[in-house]
There are 2 protein chains.
Amino acid sequence: MRQVTIKTIADELKLSASTVSRALNDHPDIHDDTKRLVNKLAGELGYRPNIMARNLKSRTSNQIGVIVPEIRHDFFANAISGIEEVAYQKGYTIIIAQSNEEQEREIINLNSMYLNRVSGIIVSISQSTNTESHFQKLIERGVKMVFFDRVCQTLNVPKVHIDDFESAAKVVNYLIGKNYSTIVHFAGPQSLDICRKRKLGYEEALGKPGSNLKSVVIEAGMHENDGYNSMNKLLEMGIESCAIFAVNDPVAVGAVKRMKELKIDIPGQMGIVGFSNNPITEMITPRLTTVDQHAFEMGQKAAEILIDEIEGKNLNGNQLDIKLETSLLIRESA
Amino acid sequence: MRQVTIKTIADELKLSASTVSRALNDHPDIHDDTKRLVNKLAGELGYRPNIMARNLKSRTSNQIGVIVPEIRHDFFANAISGIEEVAYQKGYTIIIAQSNEEQEREIINLNSMYLNRVSGIIVSISQSTNTESHFQKLIERGVKMVFFDRVCQTLNVPKVHIDDFESAAKVVNYLIGKNYSTIVHFAGPQSLDICRKRKLGYEEALGKPGSNLKSVVIEAGMHENDGYNSMNKLLEMGIESCAIFAVNDPVAVGAVKRMKELKIDIPGQMGIVGFSNNPITEMITPRLTTVDQHAFEMGQKAAEILIDEIEGKNLNGNQLDIKLETSLLIRESA
DNA sequence: ATAGAACCTGCAAACGATTGCAGGGAAGGG
DNA sequence: CCCTTCCCTGCAATCGTTTGCAGGTTCTAT
């Protein structure tokens with residue numbers, strides 16, 4: 001007999017499969033002596049319950065699906081870490097897929113998880129996703145779903161993300177307090193929700209009563225070289241002393257690189273703040289002031305909410321829209 | 001009727017479940033008209049095969065378990081990306097767990113995957129793992145396993161990793177070619193296999209015939225501040241011009257930081273090389289020369305081997321011990 | 001002595017899909 | 001007209017566990 005099953009034990013002990021099953025599950029109907037006997041033999045035989053059979057019977061898998069654009073991105077890797085942490089504590093297993101920023105692959109992965117009968121799905125949507133029907137369809141069929149970071153606003157499921165608007169305003173207010181004469185924003189592509197919100201937050205903070213700072217925005221991409229180039233543009237505009245709020249860390253790093261080449265004093269002549277708290281921000285000189293998005297905690301929170309949904313402990317219906325506090329990490333660059 | 005099953009379709013069409021099953025699986029025994037009918041209704045009813053039932057029947061899950069120390073580490077995140085990529089192509093799903101460098105948790109995760117009947121497991125062992133019995137036990141029970149990066153040398157299963165010895169020698173040979181008068185090694189803890197091998201590679205290259213370079217090793221940890229402190233030690237030793245081979249990138253970055261504070265010219269007065277190709281190496285000034293470990297490819301390779309094992313396509317028995325080529329990325333720091 | 005409670009245990013039917021075997025009908029050959 | 005062969009389809013067992021129900025024993029209380 002290849003596999004040790006409940007039946008193996010039952011036969012050996014001249015019991016029925018049901019008694020063995022109950023004994024293993026510590027059911028009160030079973031005599032303690034029987035339980036001891038069964039457990040002892042189970043141990044000796046190296047019995048392991050067949051989870052597939054159990055899942056089939058219970059119609060659930062205790063698996064949580066996670067779909068992110070790219071696992072290798074620092075932010076997502078951290079978020080996944082957080083998800084795994086919580087899932088592990090609560091007895092769930094996570095299965096992971098990446099969309100590589102392609103909608104098509106997002107759809108395939110989503111459906112594959114649906115087929116696999118995962119207990120729930122945590123998603124951060126891909127950049128190229130321009131429809132929500134694939135999510136909508138599953139939600140209608142009762143699949144538990146939670147979005148994080150890159151959420152889909154129009155869908156009626158829980159979301160966990162940061163308040164980009166508030167966070168940006170927080171940064172700018174800090175810079176205002178530092179008495180910089182000009183506060184510039186190196187913005188990201190305005191097609192992206194988060195970039196738009198960060199810019200709005202910047203403008204909101206600048207426009208506060210009593211402030212006579214004018215808005216200076218240079219829009220570019222989100223990579224290091226974009227920051228480098230924006231820095232050149234800034235100088236062409238004749239601005240020689242200011243504070244810069246960069247849309248993210250790579251852009252800030254690129255700007256810093258150019259500033260160092262030009263021997264611009266940081267933060268004396270120009271201050272600069274990034275966004276995301278990439279590991280690099282702490283390794284460059286000067287250490288970069290930035291905004292920590294608490295990726296790990298975001299993952300944890302998303303997992304907690306999903307598991308609550310799965311286990312029917314959801315208090316607030318699906319209206320949950322959690323904006324996690326960000327932290328302004330004040331270091332040396334501003 | 002809540003769930004649409006094969007039986008639902010069978011009843012509706014007044015067929016038997018077996019006919020429906022065969023029709024869905026395009027079995028030659030079934031008439032084309034029947035197939036068309038069945039597939040049509042299946043589509044309309046939104047039928048999805050219950051993978052758990054199928055798995056139970058087929059005694060396999062098409063899932064691959066992955067256990068790494070920490071998902072958030074750049075290297076592992078990349079490796080996982082690679083694993084997922086291959087798994088996705090070949091129709092497997094990956095389930096992920098992290099050991100947080102704790103042996104106990106590694107064991108729990110390993111056993112949980114075993115219970116879940118994964119088709120195979122890919123592991124990079126935790127730092128605190130000091131026994132191999134938990135792996136050994138599963139291997140004896142026929143679980144397919146592949147190690148990557150942090151491999152367990154004594155176990156008779158496929159391994160994928162880099163040749164630390166060769167890679168280190170490659171770095172040092174490059175530095176020798178640059179005519180540095182002294183070549184120093186900032187070594188990591190010699191309790192770790194990889195650190196020991198890198199040091200040996202360093203010594204090997206230095207000891208080559210015709211070279212009269214003497215070995216200068218400063219042993220410390222693997223973090224940025226270790227590099228910073230080692231730099232100070234180096235100067236105390238009176239060495240003012242040399243090339244440094246750091247055990248990894250953070251150590252190199254720490255050293256660079258100190259060098260910049262002291263206005264040491266890089267690479268003129270001192271050259272420095274890191275190890276791993278962390279993203280940061282390209283963002284600091286000067287851009288760091290380092291060794292690329294091809295994490296993504298390593299993950300791909302490990303997944304390919306595992307899947308070959310699972311599908312019985314393994315050519316070379318379990319003796320596979322793949323040392324992936326590393327690349328010396330020559331940039332500005334040396 | 002006996003009813004009732006309290007305990008144990010087993011039967012058998014699920015869960016949903018797959019598959020060996022066999023039955024039934026139609027077509028074709030003798 | 002009968003037998004064989006080829007198609008198509010269904011029966012029933014199987015994968016391993018769980019669980020409602022019922023049967024059986026022992027013990028306690030009246």
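Below, chain A is the first sequence line, B the second, and so on; all start at residue 1. Below, each value reflects all heavy atoms present in this structure, side chains not excepted, and no hydrogens, waters or symmetry copies.
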What about [X]: does its side chain form a donor-acceptor pair under 3.5 Å with the base of [N]?
{"X": "A:Arg59", "N": "C:dG16", "result": "no"}
{"X": "B:Arg117", "N": "D:dG16", "result": "no"}
{"X": "B:Thr19", "N": "D:dC8", "result": "no"}

When the distance from [atom1] of [X] to [atom2] of [N] is rounded to whole Å, what number comes out?
{"X": "B:Ile9", "N": "C:dT18", "atom1": "CD1", "atom2": "P", "value": "11 Å"}
{"X": "A:Arg22", "N": "C:dT9", "atom1": "CZ", "atom2": "P", "value": "10 Å"}
{"X": "A:Leu13", "N": "C:dT9", "atom1": "CG", "atom2": "C1'", "value": "13 Å"}
{"X": "A:Lys7", "N": "C:dA12", "atom1": "NZ", "atom2": "C1'", "value": "14 Å"}
{"X": "B:Lys57", "N": "C:dT19", "atom1": "NZ", "atom2": "P", "value": "7 Å"}
{"X": "B:Asp11", "N": "C:dA17", "atom1": "CG", "atom2": "P", "value": "12 Å"}

Phosphate OP1/OP2 of [N] contacted by [X] side-chain N/O (<4.0 Å):
{"X": "A:Thr5", "N": "D:dG16", "answer": "no"}
{"X": "B:Ser21", "N": "C:dT18", "answer": "yes"}
{"X": "B:Ser16", "N": "D:dC11", "answer": "no"}

Looking only at heavy atoms, what is the nearest atom pair of [X] and [Y], with distance?
{"X": "A:Ala53", "Y": "B:Leu56", "result": "CB-CD1, 3.7 Å"}
{"X": "B:Ser128", "Y": "B:Glu101", "result": "OG-O, 2.7 Å"}
{"X": "A:Val151", "Y": "A:Ile125", "result": "O-CD1, 3.8 Å"}

Item checked: Rounded distance [0.5 Å steps], CD1 in B:Ile121 versus CG in B:Leu110 ->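 If we round to the nearest 0.5 Å, B:Ile121:CD1 and B:Leu110:CG are 4.5 Å apart.
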
Checklist line | Atom pair CD (B:Glu102) and OG (B:Ser126), whose distance is rounded to the nearest 0.5 Å | finding: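 The CD atom of B:Glu102 sits 8.0 Å away from the OG atom of B:Ser126.
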
Next item on the list: Considering only NZ, NE, NH1 and NH2 on the basic side and carboxylate oxygens on the acidic side, decide whether A:Glu106 and A:Arg150 come within less than 4.0 Å.
Entry: no

Checklist line | DNA chain C contacts among residues 24-43 of chain B, heavy-atom distance under 4.0 Å | finding: B:Asn25

Notebook entry, point to check: Tell me, which of residues 47-56 of chain B have any heavy atom that sits under 4.0 Å from an atom in DNA chain C?
Noted result: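 Heavy-atom cutoff 4.0 Å gives B:Tyr47, B:Arg48, B:Pro49, B:Asn50, B:Ala53, B:Arg54.
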
